[in-house]
Structures are given as structure tokens and as C-alpha cells.
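The figures that follow rest on heavy atoms only: side chains count, while hydrogens, waters and symmetry mates do not.
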Amino acid sequence: MLTKRFPIALLTVILIAATAAITLATPARACADTVSRIAYVHREGCTAAIWVMDPDGSNPTKISTDAAWTSSPAWSPDHSKIVYSAEADTGIEIFVMNADGSNPTRLTNDSTWDGTPSFSPDGTHILFSSDRSGHRQLFTMNADGSSVQQLTHFDDLLDPSGASYSPDGTKILWAVPDYDFSGIWVMNADGTGGRRLAINGDNPNWSPDGTKIAWSSGDSSSRNIWMMNADGTDPVQIETTHCESNYHPTWSPDGSRVAFARVGPSESEIFSISVSDPTDFEQLSVSSPGGSSEPAWGAVVELAPTPTTTIPVNAPADVPVVPAYTC
């Protein structure tokens with residue numbers, strides 16, 4: 001009986017060893033994770049700074065220095081950087097920093113107003129509004145601030161701001177807040193073919209898949225958040241308020257929610273609402289005398305920790321050594 005069982009036992013040992021070798025040769029989970037963050041402007045007293053928080057409003061963290069004017073945070077496509085405008089010695093200029101607030105770098109240096117910056121989908125360029133040509137126009141520059149180029153040559157009836165590229169990079173969306181041509185506009189990425197999608201609107205924002213646009217619309221007493229198809233059809237009001245105004249809608253990375261700033265009689269705070277269920281509504285920022293505004297929702301990739309190489313004791317020489325991660 002022992003003679004008959006030995007081959008089976010030997011086969012079992014071989015299978016276990018082979019399984020162990022396969023396990024050692026399979027990379028461990030890299031532990032990288034993708035999480036949402038909302039960048040926003042928070043004002044305290046006479047100064048403002050860029051902060052970030054989790055989608056539920058937890059872990060609010062200040063990441064930029066205080067300035068008398070800070071505005072328009074926008075994520076880079078890889079969500080590693082945030083571009084924004086802030087007051088400098090020459091006026092309102094454009095800056096960029098890492099997503100954790102480190103390495104703030106000034107990109108513009110002009111005596112006129114430069115603001116509402118946003119990245120191109122490939123991260124190589126920044127689109128922004130500027131008064132440097134004598135009347136507000138849209139400009140582009142490289143992501144490092146070099147090679148500034150004027151994109152539009154509108155007359156005085158068009159005053160573009162809040163411009164952004166469509167996710168596929170073929171269109172540019174912007175708002176004209178005043179005058180006879182106020183509303184939400186779209187044009188080709190080269191500045192041609194401009195047309196108005198909605199009257200009386202501001203703060204337009206593309207959905208992550210580029211099929212929808214959210215924007216703010218209303219009058220001097222109340223403004224609400226609206227949503228429409230990218231071609232301007234099927235406008236739908238997704239949020240309603242009275243005696244208050246809602247601005248700067250921004251989509252969650254999965255397109256299921258919209259965050260926005262609600263401006264009341266004494267303060268401004270950030271809220272979130274479900275696109276499919278308006279009753280799913282929550283306040284994110286904590287009420288404060290200064291208030292919070294201009295949310296920008298992005299997905300941040302948390303990098304995996306540095307791997308450590310572990311060599312098993314008595315491991316066969318031909319078994320690959322796989323980096324081990326600590327999650």
C-alpha cells in the first residue's frame with residue numbers, strides 16, 4: 001500500500017511547489033487607488049485660498065496661500081495639478097500648483113486681468129480669458145506659461161469667460177455674462193463656428209463624457225442649475241431655490257452628481273445633487289462667515305507605495321522574485 005501511495009504523495013508535493021512558484025511569479029496588487037476630490041475657493045475675512053475636500057465634505061484642507069483674490073481652480077487631465085487665478089503684484093494672474101499645493105508657479109505676468117484658466121484634454125495647453133488685447137478675449141498658452149496665443153477676436157458685444165475644452169478637445173464652451181449676446185456659447189477649438197446654446201447663462205461645465213452641459217441661469221433675485229445636451233437641446237432645470245443663487249456647477253468624475261455653490265444673503269456654501277434624483281441633495285462645505293465657492297470636481301490617483309523586494313528563504317534559483325507592496 002505504501003508503494004502505491006508514494007507516487008500520489010510525490011505528485012501532491014510537485015503540484016504544491018508548482019502552485020507556489022506561480023504565486024510568486026504573479027505581481028501583488030499595486031495598491032494604487034482613484035479617489036474623488038473637490039477643489040474650491042474658501043474665503044476668510046479679506047483673503048481667499050484654494051482648498052480641497054472629499055466628495056462628502058470631509059477632510060477640508062487648505063492647499064494654497066492666502067491672497068486678496070483667488071478664483072477659478074481647475075484640475076489637469078491627470079489630476080496631478082490645479083491651475084487657478086490669484087492676485088499678484090501686477091494684478092490678477094494665473095498660477096499652477098501640484099494637487100497637494102506644493103510647487104506653486106506663476107504662469108502669466110501681465111498688467112491686465114488674466115483669469116478663468118482650464119487645461120486642454122491632453123494637458124499640454126491652458127485656455128484662459130484676458131483683457132491684454134484691450135477687450136476681453138480667449139487665449140491659449142503652453143502648460144508652462146510659454147507661447148501665449150490669442151484665440152478669439154470678438155467685438156465689444158462678446159465678453160467671454162469660464163471657457164473650457166470639450167473632453168475630446170474639438171470644441172470650446174464659454175459664457176458671455178452681459179450684453180445682448182449673454183448666455184452659453186460653443187465654438188470649434190480653433191475659434192471658428194461660434195454659436196449660442198442658451199440665453200442668460202453663466203458658468204458652463206461639460207459632463208465627463210462630453211454629452212451634457214450644466215450651467216447656472218436665472219435673474220438678479222435667484223439663479224438655478226440647469227442641464228442640457230451638448231448641442232443645446234433638451235434644457236432641464238435640475239435644482240430649484242428661491243431668494244438665493246446657485247453658481248459654478250461641476251460634474252463628479254462618473255457624471256452622476258453635480259456640485260455647485262449656493263450664495264445666500266450672508267454666505268456662500270457648496271452643495272451636491274444627484275443628476276437622476278433631485279431629492280438626493282446635501283451640503284458639503286461647513287457654514288462659515290467667509291464661505292466657500294467655485295467647486296471643481298476631480299479624480300485623484302493615489303500612487304502605490306514603493307515596492308520592497310523580498311526573497312523567500314530556500315527559494316529555487318529559477319523562481320522569479322516579485323516586488324511586495326504594503327497596502
Side-chain angles (χ1 to χ4, degrees), residues 39-52 61-120 122-154 158-165 172-178 191 202-205 247-248 250 261 268 290-296 298:
Y40 61 101
V41 176
H42 180 70
R43 177 167 290 277
E44 293 181 352
C46 296
T47 62
I50 305 297
W51 289 56
V52 294
T61 305
K62 180 180 176 180
I63 62 171
S64 80
T65 57
D66 291 323
W69 173 271
T70 301
S71 181
S72 307
W75 295 88
S76 63
D78 64 359
H79 302 97
S80 66
K81 297 181 182 297
I82 295 174
V83 65
Y84 61 101
S85 59
E87 186 175 51
D89 54 347
T90 55
I92 305 302
E93 303 289 359
I94 294 174
F95 295 78
V96 69
M97 61 183 168
N98 293 332
D100 62 0
S102 62
N103 194 32
T105 303
R106 181 171 170 173
L107 299 180
T108 61
N109 190 353
D110 190 84
S111 60
T112 58
W113 182 91
D114 295 324
T116 63
S118 62
F119 277 94
S120 62
D122 62 3
T124 62
H125 290 80
I126 291 173
L127 179 68
F128 66 101
S129 302
S130 178
D131 296 336
R132 64 181 64 197
S133 66
H135 171 70
R136 185 164 299 178
Q137 303 287 351
L138 296 180
F139 291 76
T140 64
M141 61 181 168
N142 292 336
D144 62 1
S146 63
S147 188
V148 176
Q149 303 289 329
Q150 184 170 338
L151 181 63
T152 62
H153 297 82
F154 298 139
L158 288 177
D159 191 9
S161 65
S164 62
Y165 288 96
I172 290 177
L173 185 68
W174 83 94
V176 177
D178 301 306
D202 203 358
N203 313 131
N205 192 274
Y247 296 92
H248 297 284
T250 177
S268 171
S292 300
S293 62
E294 300 185 66

Fill in: Flag, side chain of Thr112 to backbone of Asp110, donor-acceptor distance under 3.5 Å
no

Discussion item. Are the side chains of Phe119 and Asp78 in contact, using a 4.5 Å heavy-atom criterion?
Written reply: no

Worksheet, complete the sentence: Those residues at least two apart in sequence (or on a different chain) that pass salt bridge (charged side-chain N to carboxylate O under 4.0 Å, His left out) with Arg132 are Asp114

Worksheet item: Which residue pairs satisfy the ring pair (Phe, Tyr, Trp, His ring centres under 6.0 Å) criterion with at least one member in residues 91-112, sequence neighbours excluded?
Response: Tyr84-Phe95

Item to complete: Taking Ser118 for its side chain and Gly162 for its backbone only, find out whether a donor-acceptor pair lies under 3.5 Å.
Response: no

Worksheet entry | Nearest atoms (heavy-atom pairs only) where His79 meets Ala99 | O-CB, 3.8 Å

Worksheet item: So, Arg43 side chain and Ala49 main chain: donor-acceptor pair closer than 3.5 Å or not?
Response: no

Discussion item. I need the Thr140 OG1 to Tyr165 OH distance, nearest 0.5 Å.
Written reply: 5.5 Å

Discussion item. Listing request: all salt bridge (charged side-chain N to carboxylate O under 4.0 Å, His left out) pairs with a residue in residues 68-77, at least two apart in sequence or in separate chains.
Written reply: none

Worksheet item: Residues two or more places apart in sequence or in another chain: which of them pass side-chain contact (heavy atoms from CB on, under 4.5 Å) with Ser102?
Response: Asn98, Asp100

Worksheet item: Which atoms form the tightest heavy-atom contact between Ser292 and His42, and what is the distance?
Response: OG-ND1, 3.0 Å

Discussion item. A side-chain contact here means heavy atoms from C-beta on lying under 4.5 Å apart; do Leu151 and Leu127 qualify?
Written reply: yes

Fill in: Note, Thr105 side chain near Lys81 side chain (heavy atom, < 4.5 Å)
no

Worksheet item: So, the side chain of Glu93 versus the backbone of Leu107: is there a donor-acceptor pair under 3.5 Å, distance only?
Response: no

Worksheet entry | Verdict with supporting geometry, Gln137 and Thr152, side-chain hydrogen bond (donor to acceptor under 3.5 Å, both in side chains) | CA-CA 6 Å; Gln137 303 287 351; Thr152 62; 2.9 Å; yes

Practice prompt. Mind checking salt bridge (charged side-chain N to carboxylate O under 4.0 Å, His left out) for Asp66 and listing every partner two or more places apart, or none if nothing turns up?
Written response: Lys62

Discussion item. Check whether Glu294 reaches the backbone of Ser72 with its side chain - one donor and one acceptor, N or O, closer than 3.5 Å.
Written reply: yes

Practice prompt. With side-chain hydrogen bond (donor to acceptor under 3.5 Å, both in side chains) as the test, would you mind laying out the steps for Ser129 and Ser161 before giving the verdict?
Written response: CA-CA 6 Å; Ser129 302; Ser161 65; 5.5 Å; no

Worksheet item: Are any of the side-chain heavy atoms of His248 and Ser293 separated by less than 4.5 Å?
Response: no

Practice prompt. Flag the pair Tyr40 / Thr250 as yes when at least one side-chain heavy-atom distance between them is below 4.5 Å, and no otherwise.
Written response: no

Worksheet entry | Note, Ser85 side chain near Trp113 side chain (heavy atom, < 4.5 Å) | no

Fill in: Check: Ser120 side chain, Ile126 main-chain N or O, donor-acceptor pair, under 3.5 Å
no

Worksheet entry | Nearest atoms (heavy-atom pairs only) where Ala74 meets Pro117 | CB-O, 3.5 Å

Fill in: Donor-acceptor under 3.5 Å (Thr70 side chain, Ile50 main chain)
no

Worksheet item: Do the side chain of Thr108 and the main chain of Ile94 share a donor and acceptor less than 3.5 angstrom apart?
Response: yes

Worksheet item: Which value, rounded to the nearest 0.5 Å, describes the distance between His153 atom NE2 and Leu138 atom CG?
Response: 11.0 Å

Worksheet item: Less than 4.5 Å apart, any side-chain heavy atom of Phe154 and any of Pro160?
Response: yes

Worksheet, complete the sentence: Residues at least two apart in sequence or cross-chain that pass salt bridge (charged side-chain N to carboxylate O under 4.0 Å, His left out) with Arg136, listed by chain then number, are Asp131, Asp159

Fill in: Val83 vs Ser76 side-chain heavy atoms within contact, under 4.5 Å
no

Discussion item. Under a 3.5 Å distance rule, please check whether His125 uses its side chain to pair with a backbone N or O of Gly123 as donor and acceptor.
Written reply: no

